[in-house]
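Encoded as structure tokens, the structure appears first; notes follow it.
In each ligand, atom 1 is the first atom listed, and ligand 1 is the first ligand listed.
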Amino acid sequence: MSSENYMVQLKNVNKWYGNFHVLKNVNLNVKKGERIVICGPSGSGKSTTIRCINRLEEHHQGEIIVNGITLNNDLKNIESIRRDVGMVFQHFNLFPHLTVLENCCLAPIWVKKVPRREAEATAMRYLEKVKIPDQAKKFPGQLSGGQQQRVAIARALCMNPDVMLFDEPTSALDPEMVKEVLDTMISLAETGMTMLCVTHEMGFAKSVADRVIFMDGGQIVEENEPNEFFNNPQNERTQLFLSQIL
Ligand code: ADP
Ligand code: MG
């Protein structure tokens with residue numbers, strides 16, 4: 001397949017934290033519109049992998065190409081990649097001193113120079129999509145965890161990204177709020193968005209993922225379409241991991 005059809009490519013990516021070799025020859029091609037779930041034990045390098053894609057972490061060897069742009073030290077490249085990539089974190093990372101609406105408008109106004117009125121209209125549209133338009137004037141601290149995470153998703157979508165990265169978006173939530181966030185992610189998947197999701201929500205993986213990637217020790221150890229991955233894992237480490245979480 002020609003590289004134009006890929007949204008994200010990682011080619012032999014290596015990274016170290018000091019002496020610690022955290023990513024070891026990671027290779028990953030994500031097609032446009034593809035939904036990938038990344039799972040694996042704590043410390044296996046899942047967050048580091050996706051954080052390298054928008055340069056929240058720097059890789060040291062290998063190549064990362066996002067939407068046709070090669071990620072290097074050129075700030076222009078980093079900025080254009082960040083414009084194409086939306087990210088949702090485990091701990092929401094909303095600005096606590098800004099209202100929900102202001103959180104959603106900040107980057108469109110300051111980074112994309114969208115006129116305020118237009119940014120607000122777009123923000124309200126996405127807040128409706130995540131089913132909390134009535135919370136627009138509140139501050140993050142006044143919302144439940146599930147609502148805050150839906151704001152974080154709406155905020156990322158306001159930048160009109162081409163790919164969305166999720167880093168354990170439901171693992172800080174009380175159990176009763178997990179479903180509302182997963183439902184939001186499922187409806188996003190239905191729009192055809194390219195998604196890379198680090199999650200251990202295996203129901204989500206089964207219903208949404210085109211491919212499940214299993215990482216251990218800084219390497220991609222196994223990958224497969226969800227049915228095969230869950231029913232017929234090949235690698236011993238995958239089998240052990242699945243026996244612990246399923
Ligand atoms: P995961 O998301 O799979 O739990 P991470 O990518 O967060 O794994 O971390 C992989 C490994 O790198 C862990 O051993 C972690 O302790 C280590 N690590 C993560 N971030 C840093 C950092 N900023 N400095 C040093 N070590 C780190
Ligand atoms: Mg992590």
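- Ion pairing between a basic and an acidic side chain is recognised when a charged N comes within 4.0 Å of a carboxylate O; Arg150 and Glu180 show such pairing.
- Checked by atom type, the side-chain pair Asn14/His59 shows no donor-acceptor distance below 3.5 Å.
- The closest side-chain heavy-atom distance from Pro115 to Glu118 is below 4.5 Å.
- Protein residues with any heavy atom under 4.0 Å from ligand 1: Tyr17, Phe20, Val22, Pro41, Ser42, Gly43, Ser44, Gly45, Lys46, Ser47, Thr48.
- Aromatic ring pairs are classed by plane angle as parallel below 30°, tilted from 30° to 60° and perpendicular above 60°; the pair Trp16 and His21 is parallel.
- Geometrically, Lys32 does not engage Tyr6 in a cation-pi contact defined by less than 6.0 Å to the ring centre and at most 45° from the axis.
- Hydrophobic side-chain contacts under 4.5 Å tie Ile109 into a cluster, directly or through other members, with Phe95, Leu98, Leu106, Trp110.
- In summary, Gln90 places no N/O/S atom under 2.8 Å from the Mg ion (ligand 2), failing the contact criterion.
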